[in-house]
Amino acid sequence: FNGMPYRNLGNSGLKCSAVGLGTWKMGYPETGDGSRVDRTTSLDILDNAHDLGVTFWDTANRYNDSSGNSERIIGEWFDMNPTSRRDIVLCTKMCGAMDGKTPNHCGLSRINIIESVYASLERMRTDTIDVLYFHRFDKLTSIEESLMAVEDLIREDIIRYLAVSNFTVSQLENYKAAMESVSKRCAVTAVQNRFDILTLEDNNESVLDYCAKSGISFIAYSPLGRGLLTGRYLDGSAASGDRLYDEGALGSIDRSIFEKAKILKNLAASWDMTLSQLSLAYMLTLPGMGSVIPSSSNLTQLIDNAKAGRIELSKAQKSEIKAITEVQ
């Protein structure tokens with residue numbers, strides 16, 4: 001679509017743009033919701049994302065201080081562009097406390113799944129969620145109860161596909177076993193965990209390898225290392241808006257990671273790429289990797305990231321990157 005390559009989400013027939021868009025920064029900063037991209041800029045980014053073929057949009061009900069405002073921004077865009085709704089693969093997440101304060105306003109119980117989905121639909125001004133993510137594992141609710149609620153929503157065409165986020169391999173295995181006893185309508189198509197080519201996965205557990213073997217798409221959040229792989233931390237231009245900066249996490253990054261980032265930046269420049277483009281393009285070559293979903297604070301970042309989806313790295317280029325990152 002508009003020159004952007006597509007790839008299937010897991011073993012499903014759903015095709016998603018190779019480069020998608022994370023919308024966690026979008027909201028209404030003037031309300032104190034903690035968002036970083038205002039309404040006008042957000043809508044401009046969504047307009048241009050559509051035109052660039054970046055049509056795999058990722059959000060969550062709890063983004064921006066549990067305000068639901070990232071979803072509301074998307075809802076405004078759908079209202080303004082009703083004929084383009086089907087162009088977008090819309091993904092949102094639920095599980096954490098939202099839309100209330102009782103114990104029934106969180107987790108993966110039947111009541112919370114269904115009520116959270118309806119609340120998200122209202123905020124996003126749409127009738128259907130293309131991919132619903134469970135934002136985290138819920139050890140207090142049986143998997144069967146959660147999957148049966150999803151099956152009912154799928155049967156009603158309120159959601160189309162199920163995915164999960166922040167799951168371990170053992171949790172994915174538990175869902176696989178439960179799915180076989182409930183319904184194949186509830187097959188997990190993707191898992192969204194943190195990953196970038198320098199700091200890799202949380203807990204050093206290879207969920208990515210599991211995905212490659214099981215036919216599940218690995219969707220990486222923070223694919224640019226919370227801003228590290230944009231290169232801004234290497235030239236001193238990093239500022240508010242990058243997660244490493246805002247979350248005070250710079251001190252937790254080993255100096256060797258910065259040195260590798262510098263090498264990769266120089267390598268990218270020699271190939272007429274940005275560090276962001278090299279990082280995203282290489283991630284897209286990894287077995288098990290689905291679409292990548294970097295966020296964008298402005299049009300320059302969006303355009304730069306979108307170009308990564310069209311880059312085809314040669315075997316020699318991939319070997320050079322592998323030697324630096326040790327990711328293959």
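Along the sequence shown, residues are numbered consecutively beginning with 1. Everything numeric in this text was worked out from a predicted model, so none of it was measured.
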### Query
Under 30°, 30 to 60°, or over 60°: which ring-plane class applies to Trp77 and His50, parallel, tilted or perpendicular?
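Correct class here is tilted.
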
Between [X] (side chain only) and [Y] (backbone N and O only), is there a donor and an acceptor less than 3.5 Å apart?
X: Asp33; Y: Asn64; answer: no
X: Ser66; Y: Met98; answer: no
X: Thr274; Y: Gln277; answer: yes

### Task
With Arg39 as the cation and Tyr28 as the aromatic partner, state whether NZ or CZ is under 6.0 Å from the six-membered ring centre and within 45° of the axis.
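No, Arg39 does not lie over the aromatic ring of Tyr28.
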
### Message
Can you confirm whether more than 12 heavy atoms, excluding those of Glu180, are under 6.0 Å from its CD atom?
### Response
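Atom CD in Glu180 is packed in, count exceeds 12.
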
Hey, is [X] close enough to [Y] for a salt bridge, meaning N to O under 4.0 Å?
X: Glu76; Y: Arg72; value: no
X: Arg86; Y: Asp130; value: no
X: Asp99; Y: Arg123; value: yes

### Message
Check for me, please, whether Ile143 and Tyr161 land in the same ILVMFWY cluster - side-chain distances under 4.5 Å, paths through other members count.
### Response
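No: no chain of side-chain contacts under 4.5 Å links Ile143 to Tyr161.
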
### Query
With Asn48, which residues qualify under side-chain hydrogen bond (donor to acceptor under 3.5 Å, both in side chains), at least two apart?
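With sequence neighbours excluded, Asn48 shows a side-chain hydrogen bond (donor to acceptor under 3.5 Å, both in side chains) to Asp44, given in chain and number order.
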
### Query
Hey, which of Thr92, Asn61, Thr59, Thr126 is the one that makes side-chain hydrogen bond (donor to acceptor under 3.5 Å, both in side chains) with Glu71?
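One option only clears the test, and that one is Thr92.
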
### Query
So, for Ser276 and Asn305, which heavy atoms are closest and what is the spacing to 0.1 Å?
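Here Ser276 and Asn305 meet closest at CB-OD1, 4.0 Å.
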
